[in-house]
Engineer: 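Got a structure here, written out as structure tokens. Questions coming.
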Amino acid sequence: MERRAEPAASLLVACALRIERAALRSGGERSAPDGYAVLRTGMGPRAADLAVARALAGPGGDRTAVLATGFCAGLVPGMNPGDLIVAEETRDPRGTVTCDGTALLAEALARAVPGAAVHLGALTGSDHVVRGQERAQLRATGAIAVDMESAATLWTATRDTRDTRDTRDTRDTRDRRGPVAAVRVIVDAPEHELVRIGTVRGGISAFRVLRAVLPAFFDWHRSSLLPRR
């Protein structure tokens, strides 16, 4: 007898690392909406592609709200560990995905994490950890932060996985109707690289901030369910 696919979550929060998932799960899931799920994709864009495609394959997956989160590297001088990045768009070699409800999300994060700096801008993808001069090169493209999974997560989330069209088409088009967003917490920055003393302190700051963001994610999800004018 053929097994029926499980329904997809109504809000899928995707992260790559076990420590990121632990922060999210300790951050107030009691107020979570029905159908909320945290997905640990594993590291890198390929792992994110595969995990998100599987998670959205069930009935209703085309309407699932998808939010990519976790830690990232800041690209702009003056950024600090624990600062928040709200992506206005994500980029990878396949193209650009425009995020939904970014202004509301930034406001909700400011309420959820008082005192934390919130930066809005382009979040770019990489298949490796970015250090040194490469950080400045990515900044020159207009991006304000980089991580390995957000762009892949949102690209897959906004495409029908059954679609056989050439994925080299880099136009910002969508096959799904579900809203998408990306929020990242800076764990290293131009003046606070991972290889330097103070990394542990920066990691603790980022972990504490990531623990506090769930209420903002739930506010964003609720707003995405309201009728659009």
Side-chain angles (χ1 to χ4, degrees), residues 12-17 20 39 41-53 55-56 64-79 83-106 109 117-161 163 165-190 193 217 220 224:
L12 184 70
V13 176
C15 62
L17 305 177
E20 294 168 340
L39 172 69
T41 65
M43 286 185 63
R46 179 62 177 164
D49 277 335
L50 293 173
V52 173
L56 298 179
T64 296
V66 177
L67 196 153
T69 195
F71 303 132
C72 72
L75 300 176
V76 180
M79 288 180 165
D83 286 5
L84 284 154
I85 300 295
V86 176
E88 295 178 319
E89 64 183 33
T90 59
R91 306 169 178 172
D92 75 3
R94 293 173 292 187
T96 298
V97 175
T98 300
C99 297
D100 300 299
T102 53
L104 184 147
L105 185 51
L109 287 165
V118 181
H119 309 273
L120 283 79
L123 178 60
T124 194
S126 175
D127 60 2
H128 59 277
V129 175
V130 172
R131 292 191 175 95
Q133 186 59 33
E134 189 177 4
R135 197 189 298 265
Q137 294 169 354
L138 291 174
R139 171 60 181 157
T141 69
I144 65 169
V146 58
D147 76 90
M148 296 173 65
E149 297 84 24
S150 291
T153 293
L154 298 200
W155 181 269
T156 301
T158 54
R159 268 67 191 172
D160 186 335
T161 56
D163 196 348
R165 291 177 298 178
D166 189 344
T167 57
R168 290 173 296 179
D169 184 351
T170 58
R171 295 173 297 177
D172 183 7
T173 58
R174 291 192 179 183
D175 302 311
R176 294 179 61 254
R177 297 188 297 275
V180 295
V183 173
R184 289 276 168 170
V185 183
I186 292 176
V187 73
D188 77 321
E193 287 210 356
F217 294 176
W220 171 81
S224 73

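Note that the numbering runs from 1 along the sequence shown for the chain.
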Engineer: Among V76, D188, V146, exactly one meets side-chain contact (heavy atoms from CB on, under 4.5 Å) together with R135. Which residue is that?
Structural biologist: D188
Engineer: Would you give the length of the straight line joining atom OG1 of T90 to atom CD of E149, rounded to the nearest 0.5 angstrom?
Structural biologist: 12.5 Å
Engineer: Quick one: list whatever passes side chain to side chain donor-acceptor pair (under 3.5 Å) with T102, sequence neighbours left out.
Structural biologist: none
Engineer: Heavy atoms only: give me the nearest L17-M43 pair and the separation to one decimal.
Structural biologist: CD2-CG, 3.3 Å
Engineer: Quick one: pull up OG in S126 and CG in L138 and give me the separation to the nearest 0.5 Å.
Structural biologist: 7.0 Å
Engineer: Taking all heavy atoms of C72 and all of D147, pick out the closest pair and write down the distance.
Structural biologist: CB-CB, 3.9 Å
Engineer: Sequence neighbours excluded, which residues qualify as side chain to side chain contact (heavy atoms under 4.5 Å, CB included) partners of A152?
Structural biologist: P45, A48, D49, R94
Engineer: Report yes if some heavy atom in the side chain of L75 is under 4.5 Å from a heavy atom in the side chain of H119; otherwise report no.
Structural biologist: no
Engineer: Got a second to check how far T69's OG1 is from R184's CZ, nearest 0.5 Å?
Structural biologist: 6.0 Å
Engineer: List the atom of V118, the atom of V86, and the distance in Å for their closest heavy-atom pair.
Structural biologist: CG1-CG2, 3.8 Å
Engineer: Does any N or O in the side chain of T156 come within less than 3.5 Å of the main-chain N or O of T153, such that one atom is a donor and the other an acceptor?
Structural biologist: no
Engineer: For the residue pair C15 and E20, what are the closest heavy atoms and their distance?
Structural biologist: CB-OE1, 3.6 Å
Engineer: Mind checking the CZ-OG1 spacing from R46 to T41? Nearest 0.5 Å is all I need.
Structural biologist: 13.0 Å
Engineer: Report the C-alpha distance between V185 and L84 in whole Å, list the side-chain angles of each, state the deciding distance to 0.1 Å, and finish with yes or no for side chain to side chain contact (heavy atoms under 4.5 Å, CB included).
Structural biologist: CA-CA 5 Å; V185 183; L84 284 154; 3.7 Å; yes
Engineer: For the residue pair L154 and A181, what are the closest heavy atoms and their distance?
Structural biologist: CD2-O, 3.5 Å
Engineer: Taking all non-hydrogen atoms of both residues, which atom of W220 and which atom of V66 are closest, and how far apart?
Structural biologist: CH2-O, 3.9 Å
Engineer: What distance do T64 atom OG1 and L12 atom CG have between them, rounded to the nearest 0.5 Å?
Structural biologist: 7.0 Å
Engineer: Rounded to the nearest 0.5 Å, what's the gap from CG on D100 to CG on L105? Could you check?
Structural biologist: 10.5 Å
Engineer: Walk me through whether I85 and M79 qualify under side chain to side chain contact (heavy atoms under 4.5 Å, CB included).
Structural biologist: CA-CA 10 Å; I85 300 295; M79 288 180 165; 3.8 Å; yes
Engineer: Applying side chain to side chain contact (heavy atoms under 4.5 Å, CB included) to I144 and R139, what does each step give before you reach the verdict?
Structural biologist: CA-CA 6 Å; I144 65 169; R139 171 60 181 157; 3.6 Å; yes
